[in-house]
Amino acid sequence: MTYSAPKTIVVIFGATGDLANRKLYPSIYNLYRKGNLTENFAVIGVARRSLDVQEFRQNVRNSVSDSIKESRNDIEEFSNHFYYHPFNVNDSASYKELKLLADQLDSTYNTEGNRIFYLAMAPEFFGTIAENLKSEGLTSTNGYSRLVIEKPFGHNLPSAQQLNEQIRHAFTEDQIYRIDHYLGKEMVQNIEVIRFANAIFEPLWNNRYISNIQITSSEVLGVEDRGGYYEKSGALRDMVQNHMLQMVALLAMEPPIKLNTDEIRSEKIKVLRALRPLEESEVHTNFIRGQYGSGTMNGQQIPGYREEQNVDPKSNTETFVAGKLMIDNFRWAGVPFYIRTGKRMKKKSTKIIVQFKDIPMDLYFNKDRERQNPNLLIINIQPDEGITLHLNAKRPGQNTKTTPIKLDYCVNCIEDGINTPEAYEKLIFDCMMGDATNFTHWDEVALSWSFVDTISKVWENEIATEYPNYPAGSLGPEASDSLLKKDGFHWWPITDSKE
Ligand SMILES: NC(=O)C1=CN([C@@H]2O[C@H](COP(=O)(O)OP(=O)(O)OC[C@H]3O[C@@H](n4cnc5c(N)ncnc54)[C@H](OP(=O)(O)O)[C@@H]3O)[C@@H](O)[C@H]2O)C=CC1
Ligand SMILES: O=C1O[C@H](COP(=O)(O)O)[C@@H](O)[C@H](O)[C@H]1O
């Protein structure tokens with residue numbers, strides 16, 4: 001059964017930008033192609049440069065064609081739903097003209113006053129746009145008005161609070177959809193199902209049976225052309241404050257009493273509240289940072305971070321973070337959650353590895369007195385999507401030896417496997433349907449910033465003389481291994497080859 005989203009107008013601010021072209025248009029097209037959008041929708045692209053509607057529609061067609069790499073004859077008719085409004089953020093006359101266009105399209109497409117305002121622009125504009133939308137009457141319609149807001153949501157807790165206050169003048173909390181695109185990923189959404197739809201995991205999902213949880217999100221790409229943004233952000237704000245802590249919250253939360261937005265958010269918020277805050281003096285023992293230097297990847301020489309475009313040649317910005325988090329509640333007391341994320345690493349991979357405790361007594365010691373491999377549950381978020389369970393089984397033959405085995409389920413690597421939708425496609429659809437479950441509530445944002453702020457404060461006050469401390473194409477600095485070693489653990493491989 002195909003669900004259709006309600007009739008709506010989507011206004012995309014930043015319509016000529018990278019995000020709109022690479023992610024938003026292809027995602028909206030996929031919804032259209034699959035029949036999730038009725039003909040009653042229109043998109044108004046808003047950006048600074050002057051384009052006429054035909055040029056804009058051509059851009060949209062190009063971006064869709066690039067993403068699907070096949071020729072389809074519905075792209076033209078899809079692009080006919082797109083309109084363009086050249087605009088300047090600070091000019092109130094721009095908003096008045098935008099309102100006229102939106103009102104006119106409301107009647108043309110019979111969209112019943114439903115509007116989604118998608119802010120795909122630099123964050124410094126978010127507050128001004130939200131306020132103008134309200135003051136110029138774009139939000140007062142007889143339908144719904146929703147604000148989708150991209151990351152970063154602030155730079156630290158005070159700036160996030162200030163931004164939140166600004167947008168809350170114009171939109172209520174339930175109208176605000178703060179995007180964290182990891183929450184739209186198939187296997188991130190699967191965390192809840194794996195945990196709460198399987199009787200075998202939930203009884204073991206606690207400090208009695210789990211020794212540690214490891215979450216890695218490694219990237220092969222460097223900062224590309226985002227040096228200007230990344231210099232002020234670094235991996236801690238870019239990945240840890242949002243995506244990594246969201247995955248921790250989903251892994252650690254209690255079962256919600258219902259699968260609705262409020263109940264799930266409320267359980268996630270409790271986890272973030274239970275995150276043990278770090279004292280400044282504890283930052284170095286629990287978090288380590290890195291910056292990539294030059295290296296070889298796939299036989300190609302790659303420049304170091306400090307040689308990238310718009311990056312200070314003496315940059316103190318981290319491109320890698322590894323950390324240990326503790327959650328102070330009954331379920332998780334004593335279980336470390338290790339996270340690591342970095343750019344220019346060996347492999348693009350996001351994986352969650354749940355390591356179970358050793359069996360109480362090992363009957364199958366080998367001659368070297370090595371213990372059995374611990375059981376691991378691996379949730380493969382990307383690029384492979386699926387789960388793997390590591391068990392021990394009898395080695396075939398007349399012996400009492402054991403051998404490690406893997407039970408594998410891969411969603412997207414089987415031939416003709418399920419082609420899972422792109423995260424943005426799911427999130428845009430959710431927003432159209434009014435489902436905010438996979439968007440972050442303000443309390444989650446605030447709690448995440450308050451955890452991360454202590455770490456950034458310490459790091460910003462110290463020059464990282466050790467930078468660069470990992471070569472492009474590696475698995476990050478050695479200190480990341482030491483972080484686990486001192487607790488008697490090690491990072492489980494994220495690649496099949498020996499790491
Ligand atoms: N790109 C990505 O993969 C991701 C981006 N994001 C976030 O999405 C947002 C957009 O990023 P991205 O698309 O990369 O940014 P880009 O720099 O590629 O695009 C910026 C857009 O904003 C418009 N713009 C800039 N200044 C003004 C102004 N004064 N008045 C009107 N329009 C203006 C530009 O219009 P014009 O071109 O006409 O100047 C352009 O359409 C940011 O918040 C970013 O952090 C989040 C996750 C991933
Ligand atoms: O939000 C961001 O995420 C991407 C990584 O996303 P993924 O879906 O490719 O894992 C990261 O490259 C970017 O720096 C960050 O802003």
Side-chain angles (χ1 to χ4, degrees), residues 11-27 44-51 55-56 59-60 63 84-95 98 118-129 132 148-155 163 178-188 215-247 305 308 310 317-321 341-345 347-351 380-383 385 420 422-427 440:
V11 185
I12 299 181
F13 292 84
T16 52
D18 176 70
L19 183 73
N21 280 296
R22 271 192 320 109
K23 300 284 186 189
L24 305 187
Y25 304 145
S27 298
I44 307 178
V46 175
R48 193 168 35 184
R49 75 189 70 170
S50 127
L51 292 178
E55 289 170 313
F56 179 55
N59 290 352
V60 172
S63 104
Y84 186 73
H85 176 67
F87 131 116
N88 189 324
V89 169
N90 295 310
D91 175 11
S92 63
S94 285
Y95 295 87
L98 179 60
Y118 195 123
L119 308 192
M121 283 181 59
E124 62 261 33
F125 299 129
F126 293 166
T128 313
I129 297 174
N132 277 290
V148 182
I149 194 154
E150 267 297 339
K151 61 170 284 233
F153 197 91
H155 183 72
L163 169 60
R178 297 178 193 83
I179 286 241
D180 182 315
H181 78 278
Y182 267 55
L183 296 182
K185 289 186 190 283
E186 185 65 23
M187 288 307 296
V188 172
I215 310 174
T216 298
S217 190
S218 59
E219 294 188 71
V220 166
L221 291 180
V223 284
E224 310 294 292
D225 54 0
R226 294 170 73 214
Y229 152 76
Y230 202 82
E231 273 287 89
K232 289 188 237 128
S233 157
L236 187 68
R237 293 188 174 97
D238 189 46
M239 293 291 290
V240 175
Q241 185 272 339
N242 35 69
H243 312 318
M244 303 302 280
L245 289 182
Q246 283 294 319
M247 287 191 280
Y305 176 70
E308 303 271 16
N310 297 327
T317 301
E318 78 286 350
T319 59
F320 176 97
V321 174
T341 180
K343 293 206 181 277
R344 286 287 190 224
M345 291 177 67
K347 195 187 169 203
K348 169 83 179 163
S349 171
T350 304
K351 263 187 207 310
N380 298 301
I381 308 282
Q382 62 184 12
E385 298 177 317
T420 57
E422 151 78 38
Y424 275 94
E425 184 185 325
K426 290 206 253 178
L427 295 174
T440 45

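Remember, it's 1-based here, ligands and their atoms both numbered in the order they're listed. Heavy-atom basis, side chains included; hydrogens, waters and symmetry copies ignored.
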### Query
Taking the inter-plane angle between the rings of His181 and His243 on a 0 to 90° scale, is it parallel (under 30°), tilted (30 to 60°) or perpendicular (over 60°)?
perpendicular
Please report which non-hydrogen protein atom sits nearest to [atom], along with the residue it belongs to and the distance in Å to one decimal place.
| atom | result |
| --- | --- |
| atom 30 (N) of ligand 1 | Val89 CG2, 3.3 Å |
| atom 45 (O) of ligand 1 | Lys151 O, 2.9 Å |
| atom 25 (C) of ligand 1 | Arg48 NH2, 3.6 Å |
| atom 10 (C) of ligand 1 | Ala120 O, 3.2 Å |
| atom 8 (O) of ligand 2 | Lys185 NZ, 2.6 Å |
| atom 6 (O) of ligand 2 | His181 NE2, 3.2 Å |
| atom 38 (O) of ligand 1 | Arg49 N, 2.7 Å |
| atom 46 (C) of ligand 1 | Glu150 OE1, 3.2 Å |

### Heavy atom of protein closer than 4.0 angstrom to atom 17 (O) of ligand 1
no
By number and element, which atoms of ligand 2 are closer than 4.0 Å to a non-hydrogen atom of [X]?
| X | result |
| --- | --- |
| His243 | 1 (O), 2 (C), 3 (O) |
| Lys343 | 11 (C), 12 (O), 13 (C), 14 (O) |
| Asp238 | 13 (C), 14 (O), 15 (C), 16 (O) |
| Gln382 | 7 (P), 8 (O), 10 (O) |
| Arg226 | 13 (C), 14 (O), 16 (O) |
| Tyr182 | 6 (O), 7 (P), 8 (O), 10 (O) |

### Query
Side chains of Tyr305 and Glu231: is there a donor and an acceptor less than 3.5 Å apart?
yes
#### Entry: Donor-acceptor side-chain pairing of Asp238 and Tyr229 below 3.5 angstrom
yes
For [atom], which candidate among [options] holds the nearest heavy atom?
| atom | options | value |
| --- | --- | --- |
| atom 23 (C) of ligand 1 | Gly45, Gly14, Pro123 | Gly14 |
| atom 7 (P) of ligand 2 | Lys151, Met239, Lys348, Glu219 | Lys348 |
| atom 2 (C) of ligand 1 | Asp18, Ile12, Asn88 | Asp18 |

### Query
Looking at the rings of Phe153 and Phe126, which for Trp means the six-membered one, are their centres under 6.0 Å apart?
no
### Summary
Closest heavy-atom pair, Tyr25 versus Ala15, reported as atoms and distance to 0.1 Å, is OH-O, 2.6 Å
### Query
For the residue pair Leu19 and Glu150, what are the closest heavy atoms and their distance?
CD2-OE2, 3.2 Å
For ligand 1, note which part of [X] has a heavy atom under 4.0 Å away: side chain, backbone, both or neither.
| X | answer |
| --- | --- |
| Phe13 | neither |
| Arg22 | side chain |
| Met121 | both |

Please check this pair: side chain of [X] against backbone of [Y], looking for a donor-acceptor N/O pair closer than 3.5 Å.
| X | Y | answer |
| --- | --- | --- |
| Thr319 | Lys343 | no |
| Asn380 | Thr350 | no |
| Tyr84 | Ser50 | no |
| Ser218 | Lys347 | yes |
| His155 | Arg237 | no |
| Asn310 | Arg226 | no |
| Glu308 | Gly227 | no |

Against heavy atoms of [X], which atoms of ligand 1 measure under 4.0 Å?
| X | value |
| --- | --- |
| Thr16 | 34 (C), 35 (O), 36 (P), 37 (O), 38 (O), 40 (C), 41 (O) |
| Pro152 | 45 (O) |
| Ala15 | 41 (O) |
| Phe87 | 30 (N), 31 (C) |

### Query
Taking atom NZ of Lys232 as the centre, does the number of heavy atoms from other residues, nucleotides or ligands within less than 6.0 Å exceed 12?
no
### Task
Inspect the contact between Glu385 and Lys185 and indicate whether a charged nitrogen and a carboxylate oxygen are less than 4.0 angstrom apart.
no
Would [X] count as a polar contact of ligand 1, with the cut-off being nitrogen or oxygen pairs under 3.5 Å?
| X | result |
| --- | --- |
| Leu19 | yes |
| Gly17 | yes |
| Tyr229 | no |

### Task
Run through Phe87, Tyr118, Phe125 and flag the one making a ring-ring contact (aromatic ring centres under 6.0 Å, His included) with Phe13.
Phe87
### Task
Give a yes/no on ligand 2: does Tyr230 have at least one heavy atom closer than 4.0 angstrom to it?
no
### Task
To the nearest 0.5 Å, tell me how far Ile215 CD1 sits from Thr341 OG1.
11.0 Å
